[in-house]
Each structure stands twice: as structure tokens, then as C-alpha cells.
Amino acid sequence: MTNAEEAAGGRPAWAPPVLRGERLEAGLRTLELEVRRRLDGLLQGNHLGLVPGPGSEPGEARPYQPGDDVRRMDWAVTARTTVPHIRETVADRELETWLVADLSASLDFGTALCEKRDLVVCAAAAIAHLTGGGGNRLGALIATGGETARVPARGGLAHARALVRKIAQTPRAAEGTRGDLGAAIEQLRRPPRRRGLAVIISDFLGDPEWQRPLRALSARHDLIAVEVVDPRDVELPDVGTVVLADPETGRQREVYASPLLRKEFAAAAQAHRDEVAAGIRRVGAAHLVLRTDSDWIADTVRFVVARKKRWSGAVS
């Protein structure tokens with residue numbers, strides 16, 4: 001930790017700003033400035049770096065790699081070079097992006113530098129910046145479990161700011177309200193929309209009933225799943241007796257965090273995360289993990305750069 005960070009009360013410079021109460025507006029301005037400062041130059045407003053086609057404009061041919069879609073095989077280049085090639089396609093210049101922002105009760109929790117719902121707002125701000133400009137449009141479904149708010153897809157900086165503010169200002173779900181991520185994703189499919197980008201931001205806790213609607217959504221859209229994680233989602237602290245609470249049912253249970261219990265909890269949590277990751281891979285979605293105890297913008301930059309390298313055929 002630097003001296004500046006210590007002077008600021010021990011809060012790292014990369015920590016999300018406070019996004020509630022009287023500090024909401026100042027926090028949103030800080031968030032926008034931080035996103036611009038650290039993400040500008042990564043895409044320069046061109047969603048080609050975030051979404052790989054398909055589009056109507058043919059791009060360059062490159063050697064075939066295992067996993068490529070054989071329907072994009074360029075037979076002319078393949079015959080001329082005797083090496084299998086595929087033809088890249090350039091994405092449409094106007095991108096419509098839809099966010100599904102999960103703000104169910106399990107996101108109203110955080111034991112590190114912020115709550116998980118704060119990272120939902122941060123992820124939405126980053127996606128808005130990375131896909132903005134050039135006639136692109138951004139819309140959102142904000143689901144708390146009790147109700148789902150729909151923000152129509154529109155373009156422009158003012159709309160993007162208003163959308164991020166609406167996510168940040170969404171009231172918390174009442175105690176005992178169960179979230180339903182699958183239902184929110186299903187709402188995104190109806191009515192059908194032109195091909196675009198769908199970004200699902202959630203902690204993906206609970207039953208994996210979201211996999212079927214997500215698979216159906218992948219038939220028409222490019223997908224990114226943003227998984228929000230808190231350290232206590234994956235391990236219990238060594239503090240003796242603790243009270244575990246389920247925010248979506250209101251039920252509580254007092255347990256003694258013995259070494260055996262902590263080991264079993266960590267194993268069960270890891271098994272669930274592995275199941276989530278496998279489910280995301282099966283539907284063909286990209287997977288970005290953001291943690292409340294990690295530099296979320298740095299994690300986002302690594303994610304986008306890795307995608308760009310993969311599409312360009314670069315070997316890391």
C-alpha cells in the first residue's frame with residue numbers, strides 16, 4: 001500500500017467509489033472519470049475490440065484453428081495455399097447492447113472494499129464506455145427479484161449516464177425476496193431483437209436455472225457473463241462462531257467455523273463456481289470475474305485484451 005493510500009484511510013486507489021446516500025452523485029462522477037482514464041485507448045469507442053462479428057462485411061483470412069466455425073471456411077484461400085483458412089467477418093457498425101443487472105438480495109453483501117451490487121454498477125459503467133459511440137445503443141433490465149425495470153436501448157452519453165445512475169439508485173430488494181436470474185434473461189429474449197451483445201452481471205449464486213435461457217439467448221447474441229464474487233462467497237473466516245444468513249429467505253443459522261467446516265464450505269463453494277464456469281462455457285459466453293477485493297478495472301482490461309488477442313490469432 002502506498003503512502004497516498006494510507007493517507008486516504010487505507011482504501012486502495014482502485015477501490016470502487018461509494019455509491020449510496022449523499023455520496024452517490026460524487027461517486028458516479030468519480031466512477032466515470034476512473035473508467036475513462038483507465039479504459040480510454042483500449043477500444044477508442046470501437047466495439048470491434050469487444051465483439052467479434054459476425055457482420056456483413058468480409059474481413060481478412062487467417063489460418064484455421066481448432067474450435068473455429070467451419071462454416072466460415074475460405075475455400076479459395078485454402079485451395080491456393082493448401083492450408084485451411086477461415087474468413088473473418090467485421091461486426092456491424094451499430095451495436096445494440098443489453099445489460100441484465102442482477103440486484104437481488106444476495107448482491108447486497110460485501111466484506112471487502114465494497115458490496116457486490118457496487119461492482120454491478122461498476123461493470124455497467126465499463127460496458128457503457130466500451131460500447132459507446134458510433135450510433136451504438138445501450139439498454140438494460142434491472143432485476144431485484146421483486147420487480148424488473150426495463151431501460152429502453154438508446155444512444156448517447158447522457159443516456160448511458162442515466163442508465164448507470166438508475167442501476168445505482170435501484171432500491172434494495174425486501175428481505176425474503178428471491179432473485180430469479182433465469183426469468184430476467186428470458187425477458188431479454190422477448191420480444192426478439194436484432195443481433196447484438198448481451199451482458200449478464202450477477203453473482204450466479206443458487207440453482208443454475210439460468211443456463212437454459214442463456215443458451216437460447218446465445219443463438220442470436222454474443223454473450224458476456226460477469227460474475228461478481230466476494231471473499232466470503234468462497235471461504236469462511238477463522239473467527240469461531242459465526243451467524244450465516246440467507247438474504248433471499250431471511251433465514252439465519254449460527255455455526256462454529258471449525259477447520260473441518262471451513263474446508264467443506266470452501267470445497268462446496270469451489271464446486272459451485274466450477275459449475276457456473278462450465279455452464280457459461282457451454283453456452284459459448286465469455287466469462288469475466290470481478291471480486292470485491294481486487295482491482296476490477298485491471299481485471300476488465302485483462303479480459304478485453306485477452307479477447308482481442310484471441311480473435312486476432314495471436315499466441316499469448
Side-chain angles (χ1 to χ4, degrees), residues 11-39 50 97-132 138-154 156-173 179 181 184-185 188 197-205 224-230 233 247 288-301 303-304:
R11 187 176 177 85
W14 48 261
V18 177
L19 297 171
R20 60 183 58 86
E22 296 179 351
R23 302 176 66 179
L24 174 63
E25 290 300 325
L28 289 175
R29 289 194 295 270
T30 301
L31 175 61
E32 181 178 348
L33 291 174
E34 189 68 7
V35 167
R36 285 185 176 184
R37 181 179 70 85
R38 298 182 63 185
L39 293 184
L50 191 61
T97 300
W98 278 87
L99 306 178
V100 174
D102 180 9
L103 292 181
S104 54
S106 66
L107 278 295
D108 299 333
F109 173 76
T111 61
L113 295 168
C114 64
E115 292 186 346
K116 290 190 286 184
R117 70 179 286 136
D118 295 328
L119 281 188
V120 174
V121 180
C122 291
I127 296 297
H129 182 73
L130 292 173
T131 62
L138 178 67
L141 291 174
I142 309 169
T144 65
E147 61 182 26
T148 300
R150 182 185 296 268
V151 180
R154 296 192 178 94
L157 179 58
H159 170 73
R161 287 171 173 168
L163 186 149
V164 174
R165 179 179 293 103
K166 183 172 180 61
I167 296 175
Q169 291 177 328
T170 297
R172 297 171 185 264
L181 180 60
I185 296 173
L188 190 57
L197 173 65
V199 182
I200 316 301
I201 312 172
S202 174
D203 56 8
F204 293 96
L205 294 180
I224 296 177
V226 181
E227 182 184 7
V228 180
V229 179
D230 185 82
D233 289 336
L288 168 61
V289 178
L290 301 180
R291 293 178 56 106
T292 59
D293 60 348
S294 179
D295 186 339
W296 68 275
I297 295 187
D299 293 337
T300 301
V301 169
F303 169 78
V304 176

Undergrad: L163 vs L99, test: side chain to side chain contact (heavy atoms under 4.5 Å, CB included). Steps then yes/no.
TA: CA-CA 10 Å; L163 186 149; L99 306 178; 4.0 Å; yes

Undergrad: Show me the donor-acceptor pairs within less than 3.5 Å that the side chains of residues 119-126 make with the rest of the protein, sequence neighbours left out.
TA:
none

Undergrad: Going through the checks in order, is the side chain to side chain contact (heavy atoms under 4.5 Å, CB included) test met by R117 and T170?
TA: CA-CA 10 Å; R117 70 179 286 136; T170 297; 4.3 Å; yes

Undergrad: Of the non-hydrogen atoms in W296 and L290, which two are nearest, and what is the gap between them?
TA: O-CD2, 3.6 Å

Undergrad: To the nearest 0.5 Å, what is the distance between CD1 (I142) and CG (D102)?
TA: 11.5 Å

Undergrad: For E34, what residues pass the side-chain contact (heavy atoms from CB on, under 4.5 Å) criterion, not counting sequence neighbours?
TA: R37, R38, I297

Undergrad: Give the minimum heavy-atom separation between V100 and A184, together with the two atoms involved.
TA: CG1-CB, 3.9 Å

Undergrad: Please lay out, stage by stage, how V164 and E32 fare under the test side chain to side chain contact (heavy atoms under 4.5 Å, CB included).
TA: CA-CA 10 Å; V164 174; E32 181 178 348; over 6 Å; no

Undergrad: Could you measure the distance from the CD1 atom of I167 to the CG atom of D118? Nearest 0.5 Å is fine.
TA: 12.5 Å

Undergrad: Can you name the side-chain contact (heavy atoms from CB on, under 4.5 Å) partners of E227, sequence neighbours left out?
TA: F204, V229, R273, V276, H287, V289

Undergrad: Taking all non-hydrogen atoms of both residues, which atom of L24 and which atom of A168 are closest, and how far apart?
TA: CD1-CB, 3.7 Å

Undergrad: Run I200 and L181 through side chain to side chain contact (heavy atoms under 4.5 Å, CB included) and show every step you take.
TA: CA-CA 9 Å; I200 316 301; L181 180 60; 3.9 Å; yes

Undergrad: What is the distance from atom OG1 of T148 to atom CG of L188, rounded to the nearest 0.5 Å?
TA: 11.0 Å

Undergrad: Kindly check if the number of other-residue, nucleotide or ligand heavy atoms within 6.0 Å of CD (E147) is above 12?
TA: no

Undergrad: For a quick test of reading the model, state the closest non-hydrogen atom pair linking G179 to S104 and the distance between them.
TA: CA-CB, 3.7 Å

Undergrad: Which atoms form the tightest heavy-atom contact between L138 and H159, and what is the distance?
TA: O-NE2, 2.7 Å

Undergrad: Rounded to the nearest 0.5 Å, what separates atom CD1 in I127 from atom CD1 in I224?
TA: 5.0 Å

Undergrad: Please give me the minimum heavy-atom distance between L113 and R11, naming the atom from each residue.
TA: O-NH1, 3.0 Å

Undergrad: Report the distance from atom CZ of R172 to atom CZ of R20, rounding to the nearest 0.5 Å.
TA: 5.5 Å

Undergrad: What's the spacing between L31 CG and R165 CZ if we round to 0.5 Å?
TA: 11.5 Å

